[in-house]
Amino acid sequence: MRTPIIAGNWKMYKTVSESVDFVRELAPKLAPFSGVERVVCPTYLALTAVADALKGTPIHVGAQSVHWEAQGAFTSQVSPAMLKGIVEYVIIGHSECRAYLAETDEQVNKKAKAALAAGLKPIIAVGESLEQNERGETAAFVSAQVRAALVGLTPADMANVVIAYEPIWAIGTGRNADGATANKIIGGTIRATLIELYGETLAQSVRIQYGGSVKPDNMAEFMAQPDIDGALVGGASLKVNDFVALVESAARTKGV
Ligand code: 13P
(Lines give C-alpha, C1' and ligand atoms only; values in the text may rest on other atoms or scores of the structure.)
Protein backbone atom coordinates (compact mmCIF):
# COMPACT_ATOMS: atom_id res chain seq x y z
CA MET A 1 0.00 0.00 0.00
CA ARG A 2 1.43 3.37 -1.02
CA THR A 3 1.17 6.07 1.65
CA PRO A 4 -0.70 9.05 0.18
CA ILE A 5 1.37 12.23 0.04
CA ILE A 6 -0.08 15.74 -0.09
CA ALA A 7 2.46 18.50 -0.70
CA GLY A 8 1.72 22.21 -0.66
CA ASN A 9 3.82 24.11 -3.19
CA TRP A 10 3.66 27.69 -1.98
CA LYS A 11 5.53 29.06 -5.00
CA MET A 12 6.46 32.73 -4.45
CA TYR A 13 3.86 33.36 -1.75
CA LYS A 14 4.14 34.18 1.98
CA THR A 15 6.84 36.10 3.81
CA VAL A 16 8.90 34.34 6.46
CA SER A 17 6.63 35.44 9.29
CA GLU A 18 3.49 34.59 7.32
CA SER A 19 4.93 31.15 6.60
CA VAL A 20 5.73 30.50 10.26
CA ASP A 21 2.33 31.74 11.46
CA PHE A 22 0.69 29.54 8.86
CA VAL A 23 2.41 26.30 9.85
CA ARG A 24 1.88 26.98 13.55
CA GLU A 25 -1.84 27.04 12.84
CA LEU A 26 -1.71 24.20 10.30
CA ALA A 27 0.36 21.61 12.16
CA PRO A 28 -2.07 20.78 14.99
CA LYS A 29 -4.95 20.59 12.52
CA LEU A 30 -3.07 18.15 10.29
CA ALA A 31 -1.74 16.07 13.18
CA PRO A 32 -4.66 13.58 13.32
CA PHE A 33 -4.20 12.38 9.72
CA SER A 34 -1.21 10.16 10.30
CA GLY A 35 -2.02 7.88 7.37
CA VAL A 36 -1.20 10.72 4.96
CA GLU A 37 2.28 12.14 4.47
CA ARG A 38 1.96 15.93 4.76
CA VAL A 39 4.54 18.30 3.24
CA VAL A 40 4.85 22.08 2.95
CA CYS A 41 7.21 23.67 0.42
CA PRO A 42 7.80 27.35 1.28
CA THR A 43 10.26 29.68 -0.47
CA TYR A 44 13.96 29.12 0.24
CA LEU A 45 13.96 32.13 2.52
CA ALA A 46 11.37 30.65 4.87
CA LEU A 47 12.67 27.06 4.95
CA THR A 48 14.74 27.30 8.10
CA ALA A 49 12.10 29.14 10.11
CA VAL A 50 9.35 26.80 8.94
CA ALA A 51 11.46 23.71 9.63
CA ASP A 52 12.16 25.03 13.14
CA ALA A 53 8.47 25.76 13.72
CA LEU A 54 7.55 22.23 12.60
CA LYS A 55 10.15 20.41 14.72
CA GLY A 56 8.42 17.70 16.73
CA THR A 57 5.37 17.69 14.44
CA PRO A 58 4.65 15.08 11.77
CA ILE A 59 4.68 17.69 8.98
CA HIS A 60 7.56 17.46 6.51
CA VAL A 61 9.27 20.34 4.73
CA GLY A 62 10.30 20.53 1.09
CA ALA A 63 12.16 23.03 -1.07
CA GLN A 64 10.88 24.17 -4.45
CA SER A 65 14.10 23.58 -6.37
CA VAL A 66 17.78 22.74 -5.95
CA HIS A 67 20.98 23.06 -7.96
CA TRP A 68 22.98 19.97 -8.90
CA GLU A 69 26.43 21.22 -7.86
CA ALA A 70 27.58 21.01 -4.26
CA GLN A 71 28.83 24.61 -4.32
CA GLY A 72 30.28 27.14 -6.72
CA ALA A 73 29.81 30.37 -8.63
CA PHE A 74 26.10 29.89 -9.35
CA THR A 75 24.48 33.15 -8.30
CA SER A 76 20.97 32.69 -6.87
CA GLN A 77 21.23 28.92 -6.53
CA VAL A 78 21.07 26.59 -3.52
CA SER A 79 22.80 23.21 -3.35
CA PRO A 80 21.57 19.85 -2.02
CA ALA A 81 24.11 20.01 0.80
CA MET A 82 22.67 23.35 1.91
CA LEU A 83 19.13 21.93 2.03
CA LYS A 84 20.17 18.75 3.80
CA GLY A 85 19.12 18.79 7.43
CA ILE A 86 16.50 21.47 6.78
CA VAL A 87 14.21 19.77 4.28
CA GLU A 88 13.36 16.20 3.41
CA TYR A 89 11.77 16.78 -0.01
CA VAL A 90 12.57 18.93 -3.02
CA ILE A 91 10.36 19.70 -6.01
CA ILE A 92 12.24 19.30 -9.29
CA GLY A 93 11.09 20.03 -12.82
CA HIS A 94 8.04 22.13 -11.99
CA SER A 95 6.57 23.45 -15.25
CA GLU A 96 7.07 27.02 -14.01
CA CYS A 97 10.80 26.33 -13.61
CA ARG A 98 10.88 24.66 -17.01
CA ALA A 99 9.01 27.60 -18.63
CA TYR A 100 10.39 30.66 -16.81
CA LEU A 101 13.83 29.43 -15.74
CA ALA A 102 14.50 27.29 -18.82
CA GLU A 103 15.01 24.14 -16.75
CA THR A 104 15.69 21.29 -19.17
CA ASP A 105 15.08 17.56 -18.92
CA GLU A 106 18.82 17.10 -18.55
CA GLN A 107 18.96 19.54 -15.65
CA VAL A 108 15.96 17.86 -14.01
CA ASN A 109 17.88 14.59 -14.17
CA LYS A 110 21.06 16.16 -12.75
CA LYS A 111 19.08 17.79 -9.94
CA ALA A 112 17.29 14.53 -9.11
CA LYS A 113 20.59 12.64 -8.94
CA ALA A 114 22.26 15.31 -6.82
CA ALA A 115 19.29 15.54 -4.47
CA LEU A 116 19.20 11.75 -3.99
CA ALA A 117 22.95 11.61 -3.43
CA ALA A 118 22.51 14.14 -0.62
CA GLY A 119 19.72 12.11 0.96
CA LEU A 120 16.88 14.36 -0.23
CA LYS A 121 13.67 13.00 -1.76
CA PRO A 122 12.79 14.53 -5.12
CA ILE A 123 9.22 15.24 -6.16
CA ILE A 124 9.69 15.21 -9.93
CA ALA A 125 7.04 17.15 -11.83
CA VAL A 126 6.02 16.35 -15.39
CA GLY A 127 3.11 17.43 -17.56
CA GLU A 128 2.07 18.51 -21.01
CA SER A 129 0.99 21.87 -22.41
CA LEU A 130 -2.50 22.60 -23.67
CA GLU A 131 -1.29 22.43 -27.27
CA GLN A 132 0.34 19.04 -26.73
CA ASN A 133 -2.80 17.83 -25.02
CA GLU A 134 -5.02 18.97 -27.87
CA ARG A 135 -2.71 17.36 -30.42
CA GLY A 136 -3.02 14.04 -28.59
CA GLU A 137 0.66 14.02 -27.61
CA THR A 138 0.20 13.77 -23.83
CA ALA A 139 1.19 10.14 -23.31
CA ALA A 140 4.29 10.26 -25.51
CA PHE A 141 5.47 13.58 -24.07
CA VAL A 142 4.92 12.69 -20.42
CA SER A 143 6.53 9.29 -20.81
CA ALA A 144 9.57 10.90 -22.43
CA GLN A 145 9.80 13.45 -19.58
CA VAL A 146 9.71 10.64 -17.02
CA ARG A 147 12.39 8.64 -18.83
CA ALA A 148 14.63 11.69 -19.15
CA ALA A 149 14.23 12.61 -15.49
CA LEU A 150 15.13 9.11 -14.32
CA VAL A 151 18.21 8.38 -16.45
CA GLY A 152 20.73 6.61 -14.24
CA LEU A 153 18.50 6.40 -11.16
CA THR A 154 18.81 3.02 -9.49
CA PRO A 155 15.97 0.91 -8.07
CA ALA A 156 17.19 1.94 -4.60
CA ASP A 157 16.93 5.61 -5.62
CA MET A 158 13.35 5.07 -6.72
CA ALA A 159 12.26 4.25 -3.18
CA ASN A 160 12.84 7.94 -2.44
CA VAL A 161 11.29 9.44 -5.58
CA VAL A 162 7.79 10.87 -5.91
CA ILE A 163 6.45 11.81 -9.34
CA ALA A 164 3.86 14.56 -9.81
CA TYR A 165 1.73 14.68 -12.95
CA GLU A 166 0.79 18.32 -13.46
CA PRO A 167 -0.79 19.14 -16.81
CA ILE A 168 0.34 22.70 -17.47
CA TRP A 169 -3.11 23.79 -18.66
CA ALA A 170 -4.55 22.81 -15.26
CA ILE A 171 -2.13 24.80 -13.10
CA GLY A 172 -3.64 27.85 -11.49
CA THR A 173 -6.41 27.93 -14.07
CA GLY A 174 -9.26 26.36 -12.12
CA ARG A 175 -9.49 23.94 -15.04
CA ASN A 176 -8.51 20.57 -13.58
CA ALA A 177 -8.19 17.29 -15.42
CA ASP A 178 -11.00 14.96 -14.41
CA GLY A 179 -10.08 12.11 -12.09
CA ALA A 180 -10.39 9.33 -14.65
CA THR A 181 -8.30 11.18 -17.24
CA ALA A 182 -5.59 11.98 -14.70
CA ASN A 183 -5.60 8.36 -13.57
CA LYS A 184 -5.20 7.20 -17.17
CA ILE A 185 -2.01 9.23 -17.58
CA ILE A 186 -0.71 8.43 -14.11
CA GLY A 187 -1.43 4.70 -14.31
CA GLY A 188 -1.49 4.04 -18.04
CA THR A 189 1.46 6.23 -18.96
CA ILE A 190 3.66 7.14 -15.97
CA ARG A 191 3.39 3.92 -14.00
CA ALA A 192 3.53 1.94 -17.25
CA THR A 193 6.80 3.73 -18.05
CA LEU A 194 8.11 2.86 -14.59
CA ILE A 195 7.18 -0.79 -15.21
CA GLU A 196 9.24 -0.76 -18.39
CA LEU A 197 12.18 0.85 -16.61
CA TYR A 198 12.12 -0.90 -13.24
CA GLY A 199 9.68 -3.82 -13.40
CA GLU A 200 6.21 -4.30 -12.00
CA THR A 201 6.96 -4.61 -8.27
CA LEU A 202 9.07 -1.49 -7.98
CA ALA A 203 6.75 0.52 -10.25
CA GLN A 204 3.80 -0.35 -8.04
CA SER A 205 5.62 1.05 -5.01
CA VAL A 206 6.38 4.51 -6.45
CA ARG A 207 4.02 7.27 -5.42
CA ILE A 208 2.56 9.44 -8.17
CA GLN A 209 0.64 12.64 -7.37
CA TYR A 210 -1.77 14.66 -9.44
CA GLY A 211 -1.42 18.46 -9.47
CA GLY A 212 -3.34 21.27 -11.15
CA SER A 213 -6.25 23.17 -9.62
CA VAL A 214 -6.72 20.63 -6.83
CA LYS A 215 -9.28 22.00 -4.38
CA PRO A 216 -11.20 20.59 -1.42
CA ASP A 217 -14.25 20.02 -3.63
CA ASN A 218 -12.45 17.95 -6.29
CA MET A 219 -9.89 16.21 -4.07
CA ALA A 220 -12.01 13.09 -3.46
CA GLU A 221 -12.44 12.62 -7.22
CA PHE A 222 -8.66 12.31 -7.58
CA MET A 223 -8.05 10.32 -4.43
CA ALA A 224 -10.71 7.78 -5.45
CA GLN A 225 -8.52 6.83 -8.44
CA PRO A 226 -6.39 3.72 -7.88
CA ASP A 227 -3.14 5.07 -9.35
CA ILE A 228 -3.26 8.58 -7.83
CA ASP A 229 -1.35 8.63 -4.55
CA GLY A 230 -1.82 12.21 -3.47
CA ALA A 231 -1.59 15.75 -4.75
CA LEU A 232 0.87 18.55 -5.36
CA VAL A 233 -1.17 21.62 -4.56
CA GLY A 234 -0.58 25.30 -5.24
CA GLY A 235 -3.36 27.80 -4.48
CA ALA A 236 -5.41 25.68 -2.09
CA SER A 237 -2.34 24.93 0.04
CA LEU A 238 -2.05 28.62 0.92
CA LYS A 239 -5.19 28.51 3.07
CA VAL A 240 -5.15 26.58 6.32
CA ASN A 241 -8.72 25.35 6.10
CA ASP A 242 -8.36 24.23 2.49
CA PHE A 243 -5.07 22.42 3.23
CA VAL A 244 -6.72 20.60 6.12
CA ALA A 245 -9.74 19.73 3.97
CA LEU A 246 -7.45 18.27 1.29
CA VAL A 247 -5.63 16.05 3.73
CA GLU A 248 -8.86 15.04 5.46
CA SER A 249 -10.36 14.14 2.07
CA ALA A 250 -7.31 12.06 1.13
CA ALA A 251 -7.42 10.19 4.45
CA ARG A 252 -11.13 9.48 4.13
CA THR A 253 -11.10 8.51 0.44
CA LYS A 254 -8.03 6.29 0.74
CA GLY A 255 -9.28 4.82 4.03
CA VAL A 256 -6.07 5.59 5.93
P1 13P B 1 -2.55 25.08 -8.42
O2 13P B 1 -3.01 24.07 -7.39
O3 13P B 1 -2.60 26.49 -7.91
O4 13P B 1 -3.25 24.88 -9.72
O5 13P B 1 -0.99 24.79 -8.68
C6 13P B 1 -0.58 23.51 -8.94
C7 13P B 1 0.89 23.45 -8.89
O8 13P B 1 1.57 24.01 -9.73
C9 13P B 1 1.51 22.73 -7.78
O10 13P B 1 2.87 22.54 -8.00
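Every number for a ligand or one of its atoms is a count from 1 in the order of the listing.
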- [ ] Could you check whether the rings of F243 and F22 sit parallel, tilted or perpendicular, using 30° and 60° as the cut-offs?
- [x] tilted
Open item on the list: Quick check on side-chain hydrogen bond (donor to acceptor under 3.5 Å, both in side chains): which of Q145, E128, Q209 does Y165 satisfy it with?
Closed with: E128
Task: Residues in contact with ligand 1, criterion: heavy atom under 4.0 Å - done: N9, K11, H94, E166, A170, I171, G172, G212, S213, L232, V233, G234, G235
Task: Under 3.5 Å: donor-acceptor pair, side chain of Y210, backbone of A177 - done: yes
Open item on the list: Working to the nearest 0.5 angstrom, can you tell me the gap between K239 NZ and L246 CG?
Closed with: 10.0 Å
TODO: Show your reasoning for whether salt bridge (Lys or Arg N to Asp or Glu O under 4.0 Å) applies to E131 and R135.
DONE: CA-CA 6 Å; E131 297 72 34; R135 287 199 297 262; over 6 Å; no
- [ ] Enter the distance from Y44:OH to S76:OG here, rounded to the nearest 0.5 Å.
- [x] 8.5 Å
